[in-house]
Amino acid sequence: MSIQLAESDFQILGCFPVISQLRPHLEQDKFVEQVRYQMKEGYQLAFLEVEKQAVAVAGFRIYTCLASGKFLYIDDLVVDEFKRSNSYGQQLFQWLIEYAKNHSCEHLSLDSGVQRFAAHRFYLMQRMSITSHHFSIEL
């Protein structure tokens, strides 16, 4: 078992079966191109691998803003639905915390859909706090 950043197209594509469980609108044939585009904007893809297969994936980036200072923002965090309850999510989450600390981030944050109750239980168990409401509008 190892956690690493996806750098090659092969590694990025290997994350697709897991991340598509969270983002079902994604298309496999466009996934590498989309991730590579986002990487130009600071996006990174970390994955926990077991027996040469990604079982947990996190997409994240580091930001700096006036309201929060420097922080690691998690765009995507998902564990393969058939591999849950094996502490893979917790291990990847702890890796992200260490990554943030090693990059001088002041905190780590994410948004989660209001309907994702199991994810919310997980985040609260990781000692996260609900600190704001996120508002959006379709354009």
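This chain uses plain numbering: 1 for the first residue, then up along the sequence. The figures that follow rest on heavy atoms only: side chains count, while hydrogens, waters and symmetry mates do not.
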Donor-acceptor pair, [X] side chain versus [Y] backbone, under 3.5 Å?
| X | Y | answer |
| --- | --- | --- |
| Gln28 | Phe16 | no |
| Asp80 | Phe82 | yes |
| Arg61 | Tyr73 | no |
| Ser68 | Cys65 | no |

TODO: Check the surroundings of atom NZ in Lys70: do more than 12 heavy atoms from other residues, nucleotides or ligands lie under 6.0 Å from it?
DONE: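 Counting other residues, nucleotides and ligands, NZ of Lys70 exceeds 12 neighbours.
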Open item on the list: How about CD on Glu33, more than 12 heavy atoms from neighbouring residues, nucleotides or ligands closer than 6.0 Å, or not?
Closed with: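 Check fails, neighbour count at 12 or below.
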- [ ] Begin from the C-alpha positions of Tyr43 and Leu45 and carry the test side chain to side chain contact (heavy atoms under 4.5 Å, CB included) through to its verdict.
- [x] CA-CA 7 Å; Tyr43 182 83; Leu45 200 56; 3.5 Å; yes
Open item on the list: Would you say Gln4 and Gln11 are linked by a side-chain donor-acceptor pair, where the criterion is simply a distance under 3.5 Å?
Closed with: yes
Open item on the list: Could you tell me if Gln38 and Gln34 have a donor-acceptor pair between their side chains, going purely by distance under 3.5 Å?
Closed with: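 Judged by distance alone, the side chains do pair up.
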Heavy-atom side-chain contact between [X] and [Y] under 4.5 Å:
| X | Y | answer |
| --- | --- | --- |
| Phe71 | Leu108 | no |
| Ile62 | Cys105 | yes |
| Ile19 | Phe31 | yes |
| Val18 | Val55 | no |

Taking all atoms of both residues into account, what is the closest heavy-atom pair of [X] and [Y], and its distance?
| X | Y | result |
| --- | --- | --- |
| Cys15 | Ala6 | SG-CB, 4.4 Å |
| Arg84 | Gln21 | NH2-OE1, 4.2 Å |
| Ala54 | Val57 | CB-CG2, 4.4 Å |
| Asp75 | Arg23 | O-NH2, 2.7 Å |

Single-linkage hydrophobic cluster [X]~[Y], side-chain heavy atoms < 4.5 angstrom:
| X | Y | value |
| --- | --- | --- |
| Trp95 | Leu77 | yes |
| Val32 | Leu26 | yes |
| Leu48 | Ile97 | yes |
| Leu5 | Leu96 | yes |
| Val78 | Val50 | no |

Out of curiosity, [X] [atom1] to [Y] [atom2], how far, rounded to the nearest 0.5 Å?
| X | Y | atom1 | atom2 | value |
| --- | --- | --- | --- | --- |
| Tyr37 | Lys30 | OH | NZ | 15.0 Å |
| Gln90 | Ser85 | CD | OG | 11.5 Å |
| His103 | Glu98 | NE2 | CD | 12.0 Å |
| His107 | Leu72 | NE2 | CG | 9.5 Å |

TODO: Please report the C-alpha distance between Ile3 and Leu92 in whole Å, then the side-chain angles of each, then the deciding distance to 0.1 Å, and finally whether the side chain to side chain contact (heavy atoms under 4.5 Å, CB included) criterion is met.
DONE: CA-CA 7 Å; Ile3 298 174; Leu92 184 54; 3.8 Å; yes
Open item on the list: Aromatic contact between Phe60 and Tyr99, with the criterion being ring centroids under 6.0 Å apart: yes or no?
Closed with: yes
